[in-house]
Amino acid sequence: MNERYEPQTIEARWQKRWEEAGVFKAGRRPQAEPRYVLEMFPYPSGAMHMGHARVYTIGDALARFLRMRGHDVLHPIGYDALGLPAENAAIKDGRHPAERTAENIVSFRADMKRLGFSFDWEREIATCDPSYYRWNQWFFLKMLEKGIVYRRQGKANWCTGCMTVIANEQVVDDTCERCNSKVVEKVIPEWAFRITAYADRLLEGLDGLTTWPERITTMQRNWIGKSIGAEVDFALQGGSEKIKVFTTRVDTIHGCTYVVLAPEHPLTAAVTRPAQRAEVEAFVARMKKTEAAERTGEGAPKEGVFTGAHAVNPFTGEAVPVWIANFVLAEYGTGAVMSVPAHDQRDFEFARKYRLPIRTVIQPAGGGRTPPGDQLEAATTEDGVTEGSGPFSGLPSAQARERMSAHAAAGGFGGATVRWHLRDWGFSRQRYWGTPIPIVYCDDHGAVPVPYDQLPVKLPPQAIITGTGEPPLAKVPEFVNTACPTCGKPARRETETMDTFVDSSWYYARYLSPKDETRPFDPALARRWLPVDVYVGGPEHAVMHLLYFRFWHRVMHELGLTAEPEPCQRLVTQGIVNGPDGRKMSKRWNNVVAPGYMVDKFGADTVRLFMLFAAPPEKDIDWSDEQVDGLFRFLTRVWRLFHARQASFAAREGALAQASGPFPELRRRTHRTIKKVTEGMQDDLKFNTGIAALMELMNELQGLEPRDEGGHAAVREALLAMATLLAPFAPHCAEELWHEVMGPAGRDRLVAEEPWPSFDAALTVADTVTVAVQVNGKLRGEVQVPAAAAEAEVRAAAEADEKVQGYLSGKALKKVVYVK
RNA sequence: GGCCCUCUGGCGAAACGGUAAACGCGCUCGACUCAAAAUCGAGUGGGGCAACCCCCCGUCCCGGUUCGAGUCCGGGGAGGGCCACCA
């Protein structure tokens, strides 16, 4: 062994050995319990950054640990390679996205290999590969058959400069991030997934995800947004139409003094009276031109116009005016609201502005009075007790809601209902770099699905990117012109592509049989490996990817492809790696630290240790050159320690019992370290405290020089433990050290495959312990007692302690003895 | 506005309701060196004290539960995240 720790000279060698030995291949231990460890696959735009280094280090440490624990571990990797960022980068530098993406993948793969991640590289996938996206198309067809995919009119962000639809992420303050032109909303036909049909199941499923971070499940709950309320029909006075409103506060309906429609509401034109027509039309036209955020954002002033119409409140028989206002959203609820200004702040502000009546119908349940509407300063929005509500007066809000909903149902003018915040997922993109949607438009047969045996519909290599607003694929005649699958006559292909989130919704299943040409994946393997045991990724995916992922898995479950309805048991959301200055790493701040550069400088093991030691996985961390130096120093010390203790390498196991002097204490430290590291891995992925324990063991070993065989044996035990415990974190260094201690006996073995060490529980407790003594809750002294001492004995020792006695003038009331 | 998270030395952080600050960084002092770097050793929350004996104070603030609270409960503050005129 080289006397100096030079990671650059050893790391590539071990990486090669692992690969040759195939130790990271999944499925090698059919008898063992399987574990699927997954990290969110990277979007290979540009080079790998520190955030990637962190996710994969976390997952890798866990995968390596589980392998050493005897599990059959699936730990795959791939690339989320289709999508807008790649296409935009391509537009910017005039290169084909495929070419650029391929290069980026090469660079990512190299960086990941250099960090020593234990991926099963034979399962590598890239979503831009037709052998992958053909299954997106396959799922599309299946979901079309089941009615989960449908065509609708949808709203899109239309950039007036680029003349194309762009993604939400690209819209910054109503302007296009690329050309700074105005972005407007445009209604165009699009394909959508009926994810709303799964809203209830996606919501209920969250209850079972007990090991997901609560903030993630909470965000999903809010996003799905179940709200229980009632629908009530307000009949138009002097007409046959009915305005259906949705409310969560039907208990306040007797306080309704007007009704408001969204500008886009289908009844808007029909209800407007001739006298108001000009004003209403002008208002609607203006709203149409205004960007959604500006119109309905919180800062936007409430604006509306009167239609001249009146509608009848079915509970009171009273006719109330019908208005149109900017803040009512056509797509939520029924696109119409009943306004109760006394008990809804938004309605209150609107009523004030337009001098509409305000009527109090709820009184606080706990006493006190709400003043009459004309004296209110603000709406009172809490539940209370109804008043002035006819037969429903005097009821608590909750009860009033129930009875009034029932009353509406009985009268045939409404009833209890549930509304969701979740919208269907529009996945059409007028873009090139995505999965082509397998549909052919025929003059005679309309939209015809491409037959399964004609998949994949391949993306044509000719990328003609944008300009006119038509999808780029529309400009490739070889692609567009085809024959109708039904009648064979000339027909045109769908030229839209799928949202990238489709690719990432099921990739984890493709890893099971990545080369399968007959189906997306093998259901038999899914039964063995799914659901994913641990999924590591950033919390920014809480409501997009992680919801689509759950939705897609349910669909696959219904298709009989998976046994369980949920895709993933446990989710770990890792924090951000910030720059050394504590700000987000960015070119703007000139604080970007490249993983590759750091690996060159310190070696992969030091970078990995930094990622794991800086803080628990879910916390944000700041890159710190000083901390990195410290971790490199740690590995150097460990290295030198092994070098200095070579004399102990040959010690016999059997000599352990003779360990005397400070060596029984060393053995205790060794076993406590094993315990600490093991528990840290199993419980909360507390890598940082595990590594700290290894540092303590090293500190202790540094001060010990064995003189007899028992001492040498104890040192050898500690060194072997250290090498194996270090293996998930700093695997290259661990291999090297382990082989040194083992000598010829370990020549053909790899620590990556060694069994994880076990600890002797009896050795983790000391013979004598220090017990802190508290009097009246204050620390007043400490006593040394045998670890096996009985309570009475400890108590006697404590009471005998002179310091403690000084505080015991009376008698102790209670004593609680604790063992350290 | 709603929902959620966080708050502990100079810094990153530890701590089944039981000696707060393990471990690392930084800093100070010492050893080695002509010197420096590297390395090794010692110290390092604040205050009192001649004293590294000991005492007091210390986990954002206020209150509570408890023999005992960084940890549990209630209220408040600051910082951060997500959603947001969602009826």
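The shown structure was predicted, so the numbers you read here are calculated from the model rather than taken from an experiment. Chain letters run A, B, ... following the sequence lines, proteins first and then strands; every chain starts at 1.
Under 3.5 Å, the side chains of A:D251 and A:S397 contain a donor-acceptor pair of N or O atoms. For the residue pair A:T381 / A:H343, no side-chain donor-acceptor distance below 3.5 Å is found, with atom types taken as modelled. Between the side chains of A:Y332 and A:S227, a donor-acceptor pair is found at a separation under 3.5 Å.
A:N688 has a side-chain polar atom (N or O) that falls below the 4.0 Å cut-off from OP1 or OP2 of B:A14. Listed pair A:R637 / B:C40 meets the phosphate criterion, a side-chain N or O lying under 4.0 Å from OP1 or OP2. Considering only side-chain N and O atoms, A:N222 lies nowhere under 4.0 angstrom from the phosphate OP1 or OP2 of B:C86. Here A:R423 does not reach the OP1 or OP2 of B:C86: none of its side-chain N or O atoms lies under 4.0 Å away.
Across all strands shown, B:C7 forms a Watson-Crick or G-U wobble pair, both distances under 3.5 Å, with B:G77. If you check B:C40 for Watson-Crick or wobble pairing at under 3.5 angstrom, you find it paired to B:G30.
Within the nucleic acid shown, A:K686 comes within 4.0 Å of sugar-phosphate atoms alone, with no base atom in reach, counting heavy atoms only. No engagement by A:G225 is indicated, since no non-hydrogen atom pair under 4.0 Å with the nucleic acid exists. The residue A:R221 sits apart from the nucleic acid: no heavy atom pair falls under 4.0 Å. Contacts of A:D629 with the nucleic acid, taken as non-hydrogen atoms under 4.0 Å apart, are absent.
Looking at the side chain of A:R346, the nearest of the listed nucleotides B:C3, B:C86, B:C25 is B:C86. Set against B:A14, B:A22, B:G12, the side chain of A:A692 has B:A22 as its closest nucleotide. For A:K302, counting side-chain heavy atoms from C-beta on, the closest listed nucleotide (B:C86, B:C85, B:C3) is B:C85. The side chain of A:R640 sits closest to B:C40 out of B:C40, B:G24, B:C4. Considering only the side chain of A:M695, B:C23 comes nearest among B:C82, B:C23, B:C86. Checking B:A13, B:C4, B:A87 against every side-chain atom of A:T248, the shortest atom distance belongs to B:A87. Considering only side-chain atoms of A:R215, the nucleotide from B:G81, B:C3, B:C86 that sits closest is B:G81. Side-chain proximity of A:P616 to B:G41, B:A13, B:A87: nearest is B:A13. When distances are taken from the side chain of A:K619 to each of B:A13, B:C23, B:C3, the shortest belongs to B:A13. The side chain of A:N326 lies closest to B:C85 when the candidates are B:A87, B:C25, B:C85.
Separation of the P atoms belonging to B:C54 and B:U59 is 23 Å when rounded to the nearest angstrom. Taking the C1' atom of each, B:G68 and B:U19 are spaced 12 Å apart, rounded to whole Å. When the P atom is compared between B:G10 and B:A21, the two are found 15 Å apart, to the nearest whole Å. When the C1' atom is compared between B:G26 and B:G75, the two are found 39 Å apart, to the nearest whole Å. Comparing the P positions of B:A15 and B:G64 gives an interatomic distance of 29 Å, to the nearest angstrom.
In textbook terms, a nucleotide whose glycosidic angle is within 90° of 0 is syn, and B:G9 is one such case.
For the pair A:N688 and A:P616, the tightest heavy-atom approach, listed with the atom from each and the gap, is ND2-CD, 3.6 Å.
Ring pair A:Y354/A:W323 is tilted by interplanar angle, where 30° to 60° counts as tilted.
Nearest-nucleotide positions on RNA chain B place A:E214 closer to the 5' end than the other of A:E214 and A:A615.
Between the side chain of A:Q627 and the base of B:G24 there is at least one donor-acceptor pair of N/O atoms closer than 3.5 Å.
For an aromatic pair to be called close, the ring centres must be under 6.0 Å apart, and A:F413 with A:F315 satisfies this. The aromatic ring centroids of A:F350 and A:Y258 lie less than 6.0 Å from each other.
Here the C1' atom of nucleotide B:A87 and the NE2 atom of A:H343 are 15 Å apart, to the nearest Å.
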